[in-house]
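Residue numbering restarts at 1 for every chain, and letters A, B, ... go by the order of the sequence lines. The figures that follow rest on heavy atoms only: side chains count, while hydrogens, waters and symmetry mates do not.
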Amino acid sequence: MAEFDLDSSFIPALHKPAALLPIAKHRESLLYVIETYPVTIVIGQTGSGKSTQIPQFLKSAGWCSDGKTIGVTQPRRVAVTTVAVRVAEEVGCEIGKEVGYSIRFEDITSSATRVKFLTDGLLIREALVDPLLSRYSVIMVDEAHERSISTDILLGLLKKIRKKRPELRIIISSATLQAEGFLKFFTRSSDEQAPKEDGEKKDDVGKIVSLEGRTYPIDVLYLESPADNYLERAIDTVLDIHAQEGEGDILVFLTGREEIDHAVQATSERAAQAGSRYGAIQPLPLYAGLSTEQQMYVFDKPPEGTRKVIFSTNIAEASVTIDGIVYVIDSGFVKLRAYSPMTGIESLTATPISKASASQRAGRAGRTKPGKCFRLYTEQHFEGLADANAPELQRSNLAPVILQLKALGIDNVVRFDFLSPPPSELMSKALELLYALGALDEYAKLTRPLGFRMAELAVEPMMAKTLLSAQSFSCLSEMLTIAAMTSLGGSVWFYHDGDQKRMENSRRKFAVEEGDHLTLLNVYTAFVTRGNKESRFCHDKNLNYKSMTRAVSIRGQLKRYLERFNIVVDESLASQPKGDASKTAEQIRRCLTSGYFAHAARMQPDGTYRNVAGGTVLHAHPSSLMFNRKADWVVFHEVMETGEKTFIRDITKIEKGWLLEYAPEFYKVTDTRSREVV
DNA sequence: GAGCACTGC
């Protein structure tokens, strides 16, 4: 294995030399299994080197001869770029040559690229133009145990492709608990009724390979009796560790921003009270809502003799890796998204974690030396936890999924071979919406051109419909901007502690009477004109610069899609001062109604809203312009239940008559529980 | 009066 010694001399000291990674000694057996079986399930912990080493093994074993490519997917963009750069370094090539990567807005590949890293969502997109993914000899699906929507769809597609391409090799990297499930999925017949299509025996399909685990042991400790307040218990535990345990930083898993801000403050106060008996302690927050700059503090080395304590959301479970963590405190909870097919309402609530999550969290302790994990629950409670969380596909709005599957030529989506089939109510709800939007015809076939175009646009179906109607409302340029801004998901504004008033003042300056969508349009226009797309402008106005530049990219991409559909975007109208701004505003509101009619609500005398079905009490989110303002009918981008209340966000005033005008069938009076507009 | 985390040529 001389090549590893050679390679290792080029690796920065920061990196663990390849030859020392546990995986190196499995090289031959791994290659044998991949050669022999179409499907290989690889079990390996973080740090085992599977993501970086397996592609190199495959390359040196000749899997890219005759011009074929090895594809490696990751669920997240950052993972794609970091792993690709690392492998390019180890191979000793420039990134984008032999080793490259591709993520949305960034394609760092060339005709020479033989090992290609990409997001699993992007590989699905490639299947739209190359249904058999024929350029790949091997596809490795990394972090499959996370069970993201894209990963699940990709696995279903790969199972289908395998029947037509028996020579294709599929490698799935998984955590221990899920490995059997993946293997069963690929070995079971995709259609139990159908006669066996070939002579392939189940044992010939795949094999599980376990790579040696981590190097450092982790002591797991449980509470003797349940904690009645895990937040206070977490803070106590931090201070106990600080007083009693040896050197090393602490990572605490909590559920959200509110808890984390409280914990950070309480910890500093209590450490100050304890005085100088112990060394200094530095509590830091970590959650996605922080600006990149604020997030970076958690990676800084604390001053000599100071112990760093990071209070984090689930972001530190898989997405962000911090070195130097020796102690993990696990609250046992996570905030999870769910979707109710009955009401169409998404919710975000704290739920107990799974066993898989618990072990992933514990594993964050032992990366550099032996560690300890303090679980703020009893061992009995742990035994009662589910093995894994329900996959995302089973708790999401499936409209985008169905659109994508149909575009891939899978017409019978109900019979699609899902790793875990979603509940049928989710399916029917999504089909109903797609039909109402005109994406599907009465035979549930994708319509031409509308349905196909909606599937290709990288925005959710209601916004896709809105965009594709915009030309007829003469507000295409404006709607492109609104689509880009809403797809940022609320990260437009930022503030530091105590900065909130300033942010709200700034936000008020961009406000437009008719609602949030027009306000977002205003913000974007100011950023690209007055603001010159500069970060200073954003900083002054409490705008998130990263989000704003992202909006520019998304807008550009959506515009290119439309141009590919031969829809001309006239930008001259958008930039010049409008003689009749109110007329354009009305066109925009009408256009929004044509796509968001299913998200309509009417204000009640008490100031809350009711959706058209009548049942649910909706509150304007405090971040909305419509919060505490009078309106009659509105459409909204998103509805979410958190804690006790159900909020609507990104709200725009409309006229009741428009609903009947643009969605006559949806609002047709048929029976007593219909969506009657009164 | 307030939202976990991802993502799409």
Side-chain angles (χ1 to χ4, degrees), chain A residues 73-80 101-109 116 118-130 143 146-154 253-261 286-290 312-320 331 333-338 346-351 353 357 389 392 395-396 400-401 403-404 407 455-460 463-464 483-484 487-491 493 495 500-501 503-504 550 553-554 556-558 560-561 564 607 619-624 627-628 638-650:
Chain A
T73 73
Q74 298 282 345
R76 278 173 294 277
R77 292 160 56 99
V78 262
V80 169
Y101 70 87
S102 190
I103 56 181
R104 190 183 189 186
F105 308 129
E106 248 179 286
D107 183 15
I108 315 294
T109 60
K116 178 173 171 181
L118 71 173
T119 50
D120 34 25
L122 200 50
L123 187 59
I124 295 172
R125 293 241 153 203
E126 284 190 7
L128 281 173
V129 283
D130 177 12
E143 314 289 355
E146 288 187 24
R147 302 293 306 273
S148 74
I149 290 180
S150 301
T151 304
D152 272 21
I153 295 176
L154 182 59
F253 285 100
L254 297 172
T255 67
R257 177 182 194 144
E258 205 179 331
E259 280 177 10
I260 289 167
D261 288 343
L286 178 63
Y287 44 83
L290 294 172
S312 172
T313 62
N314 223 32
I315 192 171
E317 191 180 303
S319 308
V320 170
S331 66
F333 285 91
V334 65
K335 275 192 191 171
L336 272 189
R337 241 184 218 278
E346 274 194 307
S347 60
L348 193 56
T349 39
T351 31
I353 57 169
S357 267
N389 285 320
E392 223 183 338
R395 48 187 169 87
S396 304
V401 175
L403 211 48
Q404 194 160 42
E456 238 181 284
L457 283 171
V459 287
E460 43 96 23
M463 186 52 90
S487 64
L488 296 175
S491 56
W493 304 94
Y495 60 91
Q500 209 168 336
K501 278 269 159 0
M503 185 267 282
E504 269 162 35
R550 189 170 165 82
S553 308
I554 295 174
Q557 188 188 35
L558 294 173
R560 284 194 296 279
Y561 275 123
R564 209 186 302 160
H619 300 262
H621 193 273
S623 68
S624 169
F627 179 74
N628 275 344
E638 199 178 37
V639 50
M640 185 169 273
E641 186 191 321
T642 53
E644 303 293 288
K645 283 184 174 176
T646 305
F647 293 103
I648 50 177
R649 289 186 44 134
D650 292 340

How close or far is atom P of B:dG1 from atom CD1 of A:Ile648, stated in whole angstroms? 16 Å

What is the separation between atom CZ on A:Arg76 and atom C1' on B:dT7, rounded to the nearest whole Å? 10 Å

Polar pair under 3.5 Å, donor/acceptor by atom type, side chain A:Glu504, base B:dA2: yes

To the nearest Å, give me how far apart CE (A:Met640) and P (B:dA2) are. 15 Å

Do NZ/NE/NH1/NH2 and the carboxylate oxygens of A:Glu346 and A:Arg395 come within less than 4.0 Å? no

Whole-Å gap separating C1' (B:dC6) and OH (A:Tyr287): 19 Å

Strictly below 4.0 Å: does A:Arg77 bring a side-chain N or O up to OP1 or OP2 of B:dG8? yes

Length of the CD-P vector between A:Glu106 and B:dT7, whole Å: 12 Å

Heavy atoms under 4.0 Å, any strand shown: does A:Thr642 hit a base, just sugar-phosphate, or nothing? sugar-phosphate

Within the structure shown, what part of the strands sits under 4.0 Å from A:Thr119 by heavy-atom distance: base, sugar-phosphate, or nothing? sugar-phosphate

Atom CD of residue position A:Glu258 - does it have more than 12 heavy atoms of other residues, nucleotides or ligands inside 6.0 Å? no

Using a heavy-atom cut-off of 4.0 Å across all strands, would you classify A:Glu638 as base, sugar-phosphate, or nothing? base

Would you classify A:Phe105 as touching base, sugar-phosphate or nothing, given that sugar-phosphate means primed atoms plus P, OP1 and OP2, and contacts are heavy atoms under 4.0 Å? nothing

Would you mind telling me which residue lines up with the more 5' stretch of DNA chain B, A:Val459 or A:Leu286, judged by nearest nucleotide? A:Leu286

What is the distance from CG of A:Asp650 to C1' of B:dA2, rounded to the nearest Å? 14 Å

Qualifying residues under salt bridge (charged side-chain N to carboxylate O under 4.0 Å, His left out), relative to A:Glu641, sequence neighbours excluded: none

Of all the choices, B:dA2, B:dG1, B:dG8, which nucleotide is nearest to the side chain of A:Ala458 once you look at every atom? B:dG8

Mind checking A:Thr313 for me? I need base, sugar-phosphate or nothing, with any heavy atom below 4.0 Å counting as a touch. sugar-phosphate

Can you tell me how far P of B:dT7 sits from CD1 of A:Ile103, to the nearest Å? 9 Å

Given B:dG1, B:dC6, B:dC4, which nucleotide is nearest the side-chain atoms of A:Ile315? B:dC6

Taking only residues two or more places apart in sequence, or in another chain, which ones meet A:Glu460 in a salt bridge (charged side-chain N to carboxylate O under 4.0 Å, His left out)? none

When the distance from CZ of A:Arg147 to P of B:dC4 is rounded to whole Å, what number comes out? 25 Å

Is A:Glu126 side chain donor-acceptor paired with the B:dG8 base, going by distance under 3.5 Å alone? no

Begin from the C-alpha positions of A:Gln74 and A:Thr119 and carry the test side chain to side chain donor-acceptor pair (under 3.5 Å) through to its verdict. CA-CA 5 Å; A:Gln74 298 282 345; A:Thr119 50; over 6 Å; no

Kindly point out which of B:dG1, B:dC4, B:dA2 is positioned nearest to the side chain of A:His621? B:dA2

Mind checking if A:Arg560 touches a base, just sugar-phosphate, or nothing, with heavy atoms under 4.0 Å? nothing

Show, in sequence, the C-alpha distance, side-chain angles and deciding distance for A:Asn314 and A:Tyr287, and conclude whether the side chain to side chain donor-acceptor pair (under 3.5 Å) test is met. CA-CA 8 Å; A:Asn314 223 32; A:Tyr287 44 83; over 6 Å; no

